[in-house]
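Just so it is clear, the values below take in all heavy atoms, side chains as well, and ignore hydrogens, waters and symmetry mates.
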Amino acid sequence: MTIKLQAPRGTQDVLPDAQPYWLAVTTAAKQTTKLHGFQRIDTPVFEDAAVFEKGSGDTTDIVEKEMYTFEDRGGDLLALTPEGTPAICRAYLEHGMASWPQPVRLYTTHQMFRYDRPQKGRYRQHTQIDCEVIGSYDALVDAECIALLWEILQRLNLSEIEVRLGSIDDPGPRRAYIERLKDYYRPHLSRLSEDSQRRFERNPLRLLDSKDDRDLEYKEHAPKLVDQLSDAAAAHHAIVCSALESAGIAYRIDPMLVRGLDYYNRTVFEIVPTDDERAQGTLGGGGRYDGLMEILGGPPTGGMGFGSGIERIILEMQKRGATLQPEAHAEVFIVHRAEGGPAAAFRLASQLRRVGRATIVGESGRSMKSQMRSANASGASFAVILGDDELARGAAIVKDLRDGGEQAEVALDAVAARLAAD
RNA sequence: GCGGGCGUAGCGUAGUGGUUAACGCGUCUGGUUGUGGCCCAGAAGAUCGAGGGUUCGAUCCCCUCCGCUCGCCCCA
């Protein structure tokens with residue numbers, strides 16, 4: 001019978017105590033993207049479902065089993081964004097950004113929704129920092145995006161991180177490679193794990209991602225895509241590598257790196273904590289998506305970007321021992337206990353706010369002790385006390401709460417000026 | 001979708017087959033004459049996740065469900 005209302009599974013409330021972490025991360029993203037010439041964009045929380053069905057690929061897990069799709073009252077089929085890139089690309093096309101100076105560098109922080117089984121670092125609603133560079137095929141842009149995420153994490157004192165870099169070539173050569181890969185695996189198929197047997201049919205690249213003991217031996221000797229790239233992709237990859245080196249960014253070539261989205265080509269990357277083995281430890285990842293615009297009905301347009309999970313970044317910060325304190329609720333706390341006190345307190349509070357001071361008025365009817373306790377708990381630096389005697393002569397007591405508790409009587413009209421923000 | 005752990009006041013925990021379920025933190029109210037932080041006192045706050053079963057009796061034993069959580073798959 002007790003109906004307990006609670007946040008839906010896989011969602012969470014970000015309480016005041018956690019806000020400093022969110023502020024730190026979003027600030028780091030804002031500042032770093034600005035240093036790279038990115039502009040902010042915001043796209044809707046939901047989109048026409050087709051944006052993702054076409055954009056992300058309708059055989060990807062994200063679209064196939066994780067999308068929150070619904071029909072609205074007008075009969076339109078909509079989806080809560082599971083993934084930012086197609087939405088931003090849609091906006092690029094819709095607003096004719098191809099006529100802006102190219103490439104267009106865009107960033108956002110965006111709610112993502114995926115119907116998935118929650119666990120540590122994985123939620124049904126999560127927030128991503130999303131950066132996209134659209135309108136460029138330049139390999140240097142790939143390196144810049146990787147560097148950008150790297151710098152954001154560095155700014156948050158997450159230094160024990162590692163870039164994993166790979167290339168999945170362009171669609172044509174990749175298809176040829178996949179055939180070679182399947183040829184390699186086919187004779188061993190019956191000895192592979194069930195998961196891998198399924199992957200063989202559905203997503204052969206994932207064979208290389210298996211952690212099952214039964215697959216390891218075959219995986220080790222499997223042909224690696226990154227070793228046999230087409231000339232164009234190999235040259236592209238080489239530029240990315242040397243750019244990262246010149247920027248002093250440590251990376252590791254990961255031949256097994258496979259991303260879960262269909263549209264990637266050439267560069268793919270992830271950044272993970274050095275000491276974290278878990279799959280959900282990935283702090284961010286992305287890659288190049290030169291074919292995506294065409295899939296969405298636009299002209300051929302190069303693109304490169306990444307997403308990074310804010311919740312995961314915060315978990316990692318806390319794991320490293322970061323402790324950020326919430327700000328004080330107020331700077332000035334007005335204690336009133338007098339005939340006419342409430343009205344005077346209310347008026348004084350608005351004067352204080354006009355001069356830039358965060359001000360809280362104590363609860364009417366509570367004792368002075370009680371209000372002073374509230375003042376202390378609010379973190380305010382000053383209490384302004386309105387008592388009968390002072391009010392009778394048009395004055396108030398200003399008390400410094402920070403240490404000794406010095407106090408002085410000040411004319412009511414002079415309080416705001418005295419406590420004004422610098 | 002699959003497997004493991006857990007479910008007692010807002011939070012963190014204790015506890016027992018049988019009178020009013022305990023403690024800490026937090027909240028509120030007080031500690032004389034109008035004032036915080038420490039300290040002290042008091043109060044409020046829990047149908048012990050839900051339903052069923054065993055039993056004279058269950059918060060404690062059994063089953064089911066729900067929820068949370070960790071892992072697999074996959075992803076940020």
Legend entry - Donor on one side chain, acceptor on other, T108(A) and D42(A), under 3.5 Å: yes
Legend entry - Distance below 4.0 Å between R373(A) side-chain N/O and G37(B) OP1 or OP2: yes
Inset, instruction - Could you check whether D388(A) gets within reach of a base, just the sugar-phosphate, or nothing at all, counting any heavy atom under 4.0 Å? - result: nothing
Inset, instruction - Assess whether atom OH of Y115(A) is packed by more than 12 heavy atoms of other residues, nucleotides or ligands within 6.0 Å. - result: no
Inset, instruction - Using a cut-off of strictly less than 4.0 Å, decide whether S308(A) has a side-chain nitrogen or oxygen near OP1 or OP2 of A76(B). - result: no
Inset, instruction - Record whether the side chain of E390(A) comes under 3.5 Å of the base of G34(B) through a donor-acceptor pair of N or O atoms. - result: yes
Inset, instruction - Find the partner of G42(B): check Watson-Crick (N1-N3 plus N6-O4 or O6-N4) and G-U wobble (N1-O2, O6-N3) distances, both under 3.5 Å, and reply none if neither fits. - result: C28(B)
Legend entry - Below 4.0 Å: OP1/OP2 of C70(B) and any side-chain N or O of Q119(A): no
Inset, instruction - Both distances under 3.5 Å, Watson-Crick or G-U wobble: report the partner of C61(B), or none. - result: G53(B)
Inset, instruction - Could you let me know what U13(B) is paired to, Watson-Crick or G-U wobble, both distances under 3.5 Å, or none if it's on its own? - result: A22(B)
Inset, instruction - Establish, from distance only, whether the side-chain atoms of R155(A) and Q31(A) form a donor-acceptor pair under 3.5 Å. - result: yes
Inset, instruction - Would you classify D130(A) as touching base, sugar-phosphate or nothing, given that sugar-phosphate means primed atoms plus P, OP1 and OP2, and contacts are heavy atoms under 4.0 Å? - result: nothing
Inset, instruction - Looking only at side-chain atoms of H126(A), point me to the closest of G36(B), C2(B), A76(B). - result: A76(B)
Legend entry - Watson-Crick or G-U counterpart of C6(B), or none if no pair lies under 3.5 Å: G67(B)
Legend entry - U35(B) base / Q407(A) side chain donor-acceptor hit below 3.5 Å: yes
Inset, instruction - Among the candidates G36(B), G67(B), C74(B), find the nucleotide nearest to the side-chain atoms of E66(A). - result: C74(B)
Inset, instruction - Record whether the side chain of K369(A) comes under 3.5 Å of the base of G30(B) through a donor-acceptor pair of N or O atoms. - result: no
Legend entry - Closest nucleotide among A76(B), U35(B), C70(B) to the K120(A) side chain: C70(B)
Legend entry - Short side-chain N/O contact from R9(A) to OP1 or OP2 of G67(B), under 4.0 Å: no
Legend entry - Touch class at under 4.0 angstrom, heavy-atom based, for R402(A) against every strand present: base
Inset, instruction - Check whether any side-chain nitrogen or oxygen of S367(A) sits under 4.0 Å from OP1 or OP2 of G30(B), and answer yes or no. - result: yes
Inset, instruction - May I ask you to verify whether the side chain of N376(A) and the base of G37(B) hold a donor-acceptor pair under 3.5 Å? - result: no
Inset, instruction - Indicate the atoms forming the closest heavy-atom contact of Y123(A) with G121(A), along with that distance. - result: OH-N, 3.4 Å
Legend entry - Test: R40(A) cationic atom under 6.0 Å from Y107(A) six-membered ring centre, within 45° of axis: yes
Legend entry - For V361(A) against A349(A), the heavy-atom pair lying closest together: CG2-CB, 3.5 Å
Inset, instruction - Would you indicate, yes or no, if U29(B) has its OP1 or OP2 atom less than 4.0 angstrom from a side-chain nitrogen or oxygen of R366(A)? - result: yes
Legend entry - Length of the CG-C1' vector between L207(A) and C74(B), whole Å: 15 Å
Inset, instruction - Would you indicate what I397(A) reaches in the nucleic acid, counting non-hydrogen atoms under 4.0 angstrom: base, sugar-phosphate, or nothing? - result: base
Inset, instruction - Identify the nucleotide, in any strand shown, that forms a Watson-Crick or G-U wobble pair with G36(B), with both distances under 3.5 Å; if there is none, say none. - result: none
Legend entry - 5′-ward residue of the pair G309(A)/M368(A) relative to RNA chain B: M368(A)
